[in-house]
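Single-structure report; data block below.
Computed from heavy atoms alone, side chains included, the values below leave out hydrogens, waters and symmetry copies. Ligands are counted one by one from 1 in listed order, and the atoms in each one are counted from 1 as well. In this chain, residues are counted from 1 in sequence order.
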Amino acid sequence: QSSVLHKFKGILFSTMSSEELLNSLDFFNAREDDVFLVSYPKSGTHWIAEVIGNIPNAQISLTSPIELGDISKFDELKMNCKRRVIPTHLSYNMLPVNIKQKQCKIIYIIRNPKDTAVSLFHYYRDNPNLPGIETWAAFFELFLRGDVVYGSWFDHVLSWEEHKNDKNILIIFYEEMKRDLSKSIKKITTFLGINVSDSEISKIAGKTSFSEMKNNAAKENCDPNHTICALTSNRNLVFRKGAVGDWINYFTAKQRRIFDELFTEKMKHSELARHFEDYS
Ligand code: A3P
């Protein structure tokens, strides 16, 4: 085990998420108008955050992740007077209970697990806040076992599965955003109850294209107040390839078979998982 990660309730977290904070999540006071932006790492969190950040007159404030920092976190969040959009990589079970009681709006973004694994592999390699990893083969084993930061992809998605029809939860797929970004933006703005014209939607789509976001990240200084993912505030580590199906360049035939077997077993009752049949 490395010094940059620690285990909490059997799940790996960054040491930037203090044990004290993780232990106190249920003391978080949610506001009725809070919005949570939830994902397993590398599923497109920054993308959705950028979409939300570009909605004109949204009157929102994007905070850093709820699980990032120490016990002073909740005071810091309290200072925010605007409608908060709070990112997190927590599973449903670990999400502060008050968020569920108040039925705050939640956007959960999911990406096909093979591309997510490849993306997380590169994050492990490039991000100094994650352990070093030698080879794809080694990382593949860790990913399958859920021995990676935020635990198993399968368990994460399954924790949200039961809540997919809750009216306060919007599920967005990365692949659906790739296919028709404007349509996804429309879904998001409608869900948030913000009126946005079609021409404004095309503008948002332009500003949140992969190339635009990657170029902007290269130009800006990294700002800790602008942290979307609890694993880095350096946005240059985030925009790698931005593609669907890159996994094919990494998985061997055998890895694909092993992965598909586990997927079929773990996700056999999952309706969300059916969405990924086209991407395996
Ligand atoms: P890749 O590593 O496959 O390129 P997260 O924001 O949850 O950390 O997810 C990061 C992944 O989303 C990276 O995937 C990144 O390139 C991709 N991504 C970020 N912005 C994107 C955009 N505007 N369009 C497509 N993919 C994007």
query: Is it true that the side chains of Asn80 and Ser61 contain a donor and an acceptor less than 3.5 Å apart?
result: yes

query: Under 3.5 Å, is there a donor-acceptor pair between the Lys241 and Ser119 side chains?
result: no

message: Show me the pairs that pass side chain to side chain donor-acceptor pair (under 3.5 Å) and involve residues 12-37, at least two apart or across chains.
response: Asp34-Arg84

task: List, ordered by chain and residue number, the protein residues whose closest non-hydrogen atom lies under 4.0 Å from any atom of ligand 1.
output: Lys42, Ser43, Gly44, Thr45, His46, Trp47, Arg111, Ser119, Tyr174, Thr208, Ser209, Phe210, Met213, Val238, Phe239, Arg240, Lys241, Gly242

message: Could you check whether atom CZ of Phe27 has more than 12 heavy atoms from other residues, nucleotides or ligands sitting under 6.0 Å from it?
response: no

- prompt: Could you give all pairs that pass the side chain to side chain donor-acceptor pair (under 3.5 Å) test and reach residues 259-268, with sequence neighbours left out?
  reply: Lys114-Asp260, Asp155-Lys266, Glu265-Lys268

statement: Sequence neighbours excluded, the answer for salt bridge (charged side-chain N to carboxylate O under 4.0 Å, His left out) partners of Lys105 is none

